[in-house]
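Take a look at the structure set out below.
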Amino acid sequence: MEWSLERMREWVAGGMQSVRECEGGAVGTALCLALLFIWYCYRVGCEHSVPSLRGGYTPETRSGGALPASVLTSDLSSRLASSKLRQVGGVSGGGGGAAEEELNGFAYCQSPECFRCSRPGEGLNQRLYHSLQDYAKRYTWAGMGRVHKGVRDQGRYLLCSRPSIQKPEVFFLPDLPSAPFFSREAQKHDVELLERSFPALLAEFESVYRLPSSRAGSSLPPGWKANSTPRGHWWTFYLVNQGTPMALNARRCPRTWRVLGQLRTFISNNVFGNACFSVLSPGATISEHYGPTNVRLRCHLGLKVPSNCELVVGGEPQCWSEGSCLLFDDSFLHTAFHDGSPEDGPRVVFMVDLWHPNVAAAERQALDYIFTPGR
């Protein structure tokens with residue numbers, strides 16, 4: 001058969017004539033089938049969509065960037081009525097008799113489901129390995145070499161082979177470049193975005209810090225939480241706590257919430273992700289401790305930084321600066337203190353957890369699945 005432009009025109013013309021001569025019933029049937037197909041595609045797409053900062057794992061949209069701010073904001077409104085989102089009232093730092101649910105999970109939580117407070121053990125190792133196997137069955141083993149090695153050798157890495165200066169308490173990903181502090185170039189886009197947002201974040205901090213106390217006898221405004229310290233006070237106001245949005249707090253800070261949505265490397269879908277305002281009172285010291293994992297970099301944006309305040313990570317001291325970010329690996333032994341006078345006022349930073357730049361996109365997807373909140 002010879003192909004030519006004239007023959008193609010004849011076929012097209014014949015097809016159009018057939019459509020014109022077709023009965024209305026056949027056309028209507030074809031349109032109904034097309035609409036049913038479109039509706040089916042829409043339902044399938046809805047079932048596999050990402051439920052914003054908090055929710056199930058969806059690899060198609062977690063290839064490395066955070067969700068758009070408009071998605072985060074609209075999803076937040078729909079979550080305000082959910083009883084599953086924790087909203088904890090603040091308590092005074094010295095309130096030893098306060099109820100357990102009013103205290104910060106890092107220092108006081110004893111739940112076996114809390115990854116941040118878990119300790120290495122056979123039960124945790126088995127859970128991680130089963131989650132990894134489930135991920136691989138659903139998706140792929142491609143790019144899972146380091147994750148598989150980390151899960152398989154979990155106990156050895158955490159208990160034996162790592163030097164004491166770096167010892168993540170939940171999960172260690174092998175073969176990651178490590179250092180106590182990282183250059184701002186490691187996450188340049190997000191660092192510059194946070195620093196440009198300094199005035200907005202500072203204004204919203206002041207608005208939530210100056211609210212009246214949440215209840216009689218409490219020295220903290222609503223939404224603030226007290227942390228355990230050997231001396232002084234350390235308070236936090238979480239927008240995201242272990243991958244779970246704190247909806248009421250986020251509603252009080254809409255501009256800060258939008259900034260989180262614009263960050264490309266914010267850990268928003270697993271238990272290693274946090275975002276909060278952190279306040280250290282004059283005379284306060286945070287005890288030396290390790291973070292839960294080396295797959296993240298903790299970023300501190302200085303909001304209010306008096307003199308005589310210092311952060312020490314892996315034995316290396318650094319000072320905050322107002323309007324500037326510090327990036328550090330909190331799986332190293334670290335502490336912070338404020339040796340200023342009461343007249344100096346508190347040290348305030350905005351803290352957010354970003355992915356380590358050398359964790360690949362496929363590894364991020366797998367870790368989001370393995371460490372989904374509530375898994």
Side-chain angles (χ1 to χ4, degrees), residues 57 59 62-66 114-183 185-187 190 240 242-243 263-274 289-299 313-314 327-334 352-373 375:
Y57 163 80
R62 291 298 306 156
S63 58
C114 177
F115 274 92
R116 185 163 57 188
C117 302
S118 297
R119 290 295 180 267
E122 193 64 29
L124 175 61
N125 295 347
Q126 289 181 355
R127 284 162 56 193
L128 296 184
Y129 196 76
H130 290 159
S131 295
L132 175 59
Q133 286 184 317
D134 187 41
Y135 170 83
K137 290 176 183 177
R138 289 170 179 259
Y139 305 106
T140 178
W141 277 107
M144 293 299 103
R146 289 195 301 188
V147 176
H148 179 262
K149 183 180 179 182
V151 171
R152 183 191 64 199
D153 298 333
Q154 185 78 352
R156 180 169 64 86
Y157 279 120
L158 300 184
L159 298 177
C160 303
S161 65
R162 299 305 301 169
S164 61
I165 196 172
Q166 184 190 24
K167 191 163 57 178
E169 296 185 331
V170 176
F171 179 74
F172 176 75
L173 185 66
D175 305 322
L176 271 186
S178 62
F181 289 96
F182 278 71
S183 164
E185 299 299 317
Q187 297 295 3
D190 288 353
V240 178
Q242 296 191 50
L263 296 176
R264 293 177 180 174
T265 60
F266 174 47
I267 301 178
S268 60
N269 276 2
N270 71 54
V271 297
F272 299 135
N274 302 274
H289 62 284
Y290 303 96
T293 183
N294 65 328
V295 303
R296 74 186 187 189
L297 296 184
R298 179 148 283 184
C299 179
V313 183
L327 286 175
F328 65 99
D329 183 345
D330 74 326
S331 67
F332 283 80
L333 190 66
H334 61 285
V352 60
D353 291 322
L354 309 176
W355 284 106
H356 189 293
N358 293 97
V359 178
E363 294 172 325
R364 296 180 187 185
Q365 292 172 4
L367 293 171
D368 277 347
Y369 184 89
I370 295 169
F371 292 104
T372 296
R375 174 171 290 277

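It should be emphasised that the depicted structure is a prediction, and the values quoted were computed from it without experimental measurement.
For the pair His289 (side chain) and Leu333 (backbone), a donor-acceptor distance under 3.5 Å is absent. Asn270 places no side-chain N or O within donor-acceptor distance of the main-chain N or O of Thr372, the cut-off being under 3.5 Å. Formation of a donor-acceptor pair under 3.5 Å by the Ser331 side chain with backbone atoms of Gln166 is not found in this model. Judged purely by atom type and a 3.5 angstrom limit, Asp353 uses its side chain to pair as donor or acceptor with the backbone of Asn274. In this structure a side-chain-to-backbone donor-acceptor pair under 3.5 Å is missing from His356 to Ser178. Although no hydrogens or angles enter the test, the distance criterion places no donor-acceptor pair under 3.5 Å between the side chain of Gln187 and the main chain of Arg264. Side-chain atoms of Asn294 come within 3.5 Å of backbone atoms of Leu173 as a donor-acceptor pair (strictly under, hydrogens ignored).
Between Phe272 and Phe371, the ring-plane angle classifies as tilted under the 30° and 60° cut-offs. Under the 30°/60° scheme for interplanar angles, the aromatic rings of Tyr139 and Tyr369 are found to stand perpendicular. The aromatic rings of Phe328 and Phe181 sit tilted, their planes meeting at an angle between 30° and 60°.
Using a 4.5 Å cut-off on side-chain heavy atoms (C-beta onward), Pro357 and Leu297 make contact.
Here the shortest heavy-atom pairing between Pro373 and Gln242 reads CG-O, 3.7 Å. In this structure, Phe171 and Gly150 approach most closely via the heavy-atom pair CE1-C, 3.9 Å.
Checked against Arg364 for a side-chain contact (heavy atoms from CB on, under 4.5 Å), the options Thr265, Val147, Val295 give a single hit: Thr265.
For the atom pair CZ of Arg146 and CG of Leu367, the computed distance is 10.0 Å after rounding to the nearest 0.5 Å.
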